[in-house]
Asker: 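Could you have a look at this structure, given as structure tokens, before my questions?
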Protein chains: 2
Amino acid sequence: MADEKRGNGGFLAGVPELLILRLLQDQEMYGYEIVQAIRQQTGDVITSGEGLIYPLLHALEKGGALRARPQEAGGRRRIYYTLTSKGVRRLFDLTDEWSRVNRAVGQVLRPG
Amino acid sequence: MADEKRGNGGFLAGVPELLILRLLQDQEMYGYEIVQAIRQQTGDVITSGEGLIYPLLHALEKGGALRARPQEAGGRRRIYYTLTSKGVRRLFDLTDEWSRVNRAVGQVLRPG
DNA sequence: TCCACATACCTATCATTTCGAGGTATTGTC
DNA sequence: GACAATACCTCGAAATGATAGGTATGTGGA
């Protein structure tokens, strides 16, 4: 079909990035924590794994949207991330784009 | 960044398929017409081109969601598509999935 | 003690989807 | 006659997500 082998069922283009940025807007978090948070806060609707989240965090950091702060915590090495001003701007842009697409799809789904 | 080279700006995974099915629920349409309709009804927010729509129509037909009916109209060869019962089911499933993801993202964006 | 599990990080590869460029042919307009 | 619009098509590149692995430490139970 339109081949639908997506574990999450599709409709997720760009969503993980948006969610990461939004979560970090409220508080500093580390990667593993973000993976769990997305699962919990979406009621297991979005279950993006570490194989997606970690590379995304690295890309966002390299792009200047996030700042990384390594820290030891009980023998465990964690990397905490915070939003930079660039990240905040990116979050606003993505949020805006998300609602635009949302409205657009809604207009077709339930017309006039 | 998360590299954002999508002409439409992201957030479109699976959306074109959903829109096609929804449009065909109301009336028989041909490919070129669908491309224009998506553009118009979304106010140019979603501008998926023929390079995306035609292959999608073929895949949906092959998958049994659509039935194709070729017809000549004023020297112009058009291929009209209609929904099969399988296509209707697929439309319901995608619509459902779309709102689930929508709610899930919303929960993260505006918590509390 | 040993084993399994949760934590916490990472990469590589594959599948899917979208985008852009290009190609054919007809009709209508300047 | 040239050009835009109509109407179909395919190919290849790029981006994204999913899956499957791989490393290491701490904790709890048998």
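Here the structure is a predicted model, which means the values were calculated and not measured. Numbered from 1 within each chain, the chains take letters A, B, ... in sequence-line order.
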Asker: With heavy atoms under 4.0 Å as the rule, sort A:G49 into base, sugar-phosphate or nothing.
Answerer: nothing
Asker: Here's a test for you: under side-chain contact (heavy atoms from CB on, under 4.5 Å), which of A:T95, A:D93, A:L94 qualifies with A:L91?
Answerer: A:T95
Asker: Can you measure A:I53 atom CD1 to C:dT7 atom P for me and round it to whole angstrom units?
Answerer: 16 Å
Asker: Go nucleotide by nucleotide along DNA chain D from the 5' end; which of A:P16 and A:G75 gets its closest nucleotide reached first?
Answerer: A:P16
Asker: Tell me which pairs pass ring-ring contact (aromatic ring centres under 6.0 Å, His included) where either residue lies in residues 37-56 of chain A, with sequence neighbours left out.
Answerer: none
Asker: Starting at the 5' end of nucleotides 4-10 of chain D, put B wherever the base has a protein heavy atom under 4.0 Å, S where only the sugar-phosphate does, and a dash everywhere else.
Answerer: -BBBBBB
Asker: A:E72 CD to D:dT25 C1': how many Å, rounded?
Answerer: 10 Å
Asker: Tell me: CG of A:L56 to P of D:dA18, nearest whole Å?
Answerer: 11 Å
Asker: Charged N to carboxylate O below 4.0 Å: is that the case for B:E28 and B:R69?
Answerer: yes
Asker: Whole angstroms only, please: what is the CZ-C1' distance between A:R69 and C:dC9?
Answerer: 16 Å
Asker: Check whether any side-chain N or O of B:S48 sits under 3.5 Å from a backbone N or O of B:L52 as a donor-acceptor pair, and report yes or no.
Answerer: no
Asker: Would you mind checking if A:E17 and A:R90 are paired as a salt bridge, meaning a charged N to carboxylate O distance below 4.0 Å?
Answerer: yes
Asker: Anything under 3.5 Å between a donor and an acceptor, one on a side chain of residues 31-41 of chain A, the other on a protein residue two or more places apart or in another chain? List them.
Answerer:
| residue | atom | partner | partner atom | Å |
| --- | --- | --- | --- | --- |
| A:E33 | OE1 | A:Y30 | N | 3.2 |

Asker: Measure CD/B:E17 against P/C:dT16 and give the value in whole Å, please.
Answerer: 13 Å
